[in-house]
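Below: one structure, written as structure tokens.
What you are looking at is a predicted structure, and each value in this text was computed from that prediction instead of being measured. All heavy atoms count here, side chains included; hydrogens, waters and symmetry mates do not. Numbering of ligands and ligand atoms starts at 1, following listing order.
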Amino acid sequence: MLITTVSSLRNRLSDLANQDKKIGFVPTMGALHEGHLSLIERAYKENDIVVVSIFVNPTQFNNLEDLEHYPRTLEKDMELLSKKFHSILLFYPDFNEIYPKEDPFVPIDLGNLDTSLEGKHRPGHFKGVVHVVHNLFKIVRPNRAYFGQKDFQQVAVIRFMTKRYDFSIEIVACETKREQSGLAMSSRNMRLSAVEKDEALIIWETLNFVKQNKQNYQPDELKNRAVDFFNSGKLKLEYLEIVDAESLSEISNWNFEAVCCIAAYCGKVRLIDNLLF
Ligand code: PAF
């Protein structure tokens, strides 16, 4: 069922919440793929009702071209959802529904989370994510919300904001879904040609190179070697960092659970991926 206004969504949900039904929430920007479907499947298993939102949030794009080219495929998304799931609530609001004049949002300081990795390269991005997810949480009031680990730092930011705003919502992070080749599924992959999809595999190969060579080098040496490995491919690297998986700060030894995060351009398409090791 397609719902476009906050008031009609609230009407549907408040009855269910009164019956103590658990609400699972999967926020998306549409152009749904297997990765989203696996989040929705999990949400179905763990809750009585599932809300999926589709909203291409302009405040989290620091690049106008990226926003303009972000795929918008509502018809196809609806078809995909109705084939796989029944009784889903699809929330498809416009800008004014999410950002009303009387916006309840009060910004918070994200500290290191806003200045490392994605934060460093996409100024304002996480402020936009926090703003939209905050407002969506206020509207949907779910018991659980589901996010993909591909956006590793986003999950950390969302956990942080959930605590700071005191939302009693369980944040569920789900493993990255990959094509058979290893390429992480992403709505942006729709903009890649077959050749580019092949070239993009260097990201996954580099992540594996890092994991396999952990025993052989200290983090900074491994990072340099991984950058060289990556640069043997065709993509343009934006960053490759090996950081503490919890604080996202740089590490100088292996006493931490580490994550390697990569952002790179494949033609005009910006891709990200990560691997915990
Ligand atoms: O991961 C995304 O698709 C977006 O950042 C999100 C969480 C839906 C907020 O716009």
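A salt bridge links D114 with K127: the closest approach of a Lys/Arg side-chain nitrogen to an acidic carboxylate oxygen falls below 4.0 angstrom. Ionic pairing of E41 and K45 is not present here: no N-O contact between side-chain nitrogen and carboxylate oxygen is shorter than 4.0 angstrom.
Given atom 10 (O) of ligand 1, the protein heavy atom at minimum distance is Q60 OE1, 2.6 Å. Among protein heavy atoms, the minimum distance from atom 3 (O) of ligand 1 is reached at M29 CG, 3.7 Å. At the top of the distance list for atom 2 (C) of ligand 1, counting protein heavy atoms only, stands Q154 NE2, 3.8 Å.
For ligand 1 and V132, the ligand atoms under 4.0 Å from any heavy atom of the residue are 9 (C), 10 (O).
For T28, every heavy-atom contact with ligand 1 shorter than 4.0 Å involves the backbone, none the side chain.
With C260 as reference, L207 is the one residue of T206, D273, L207 to meet the side chain to side chain contact (heavy atoms under 4.5 Å, CB included) rule.
Side-chain N or O atoms of Q154 include none that pairs as donor or acceptor with a backbone N or O of V129 at under 3.5 Å.
The aromatic rings of F105 and H131 lie parallel to each other, with less than 30° between the two planes, well short of the 60° mark.
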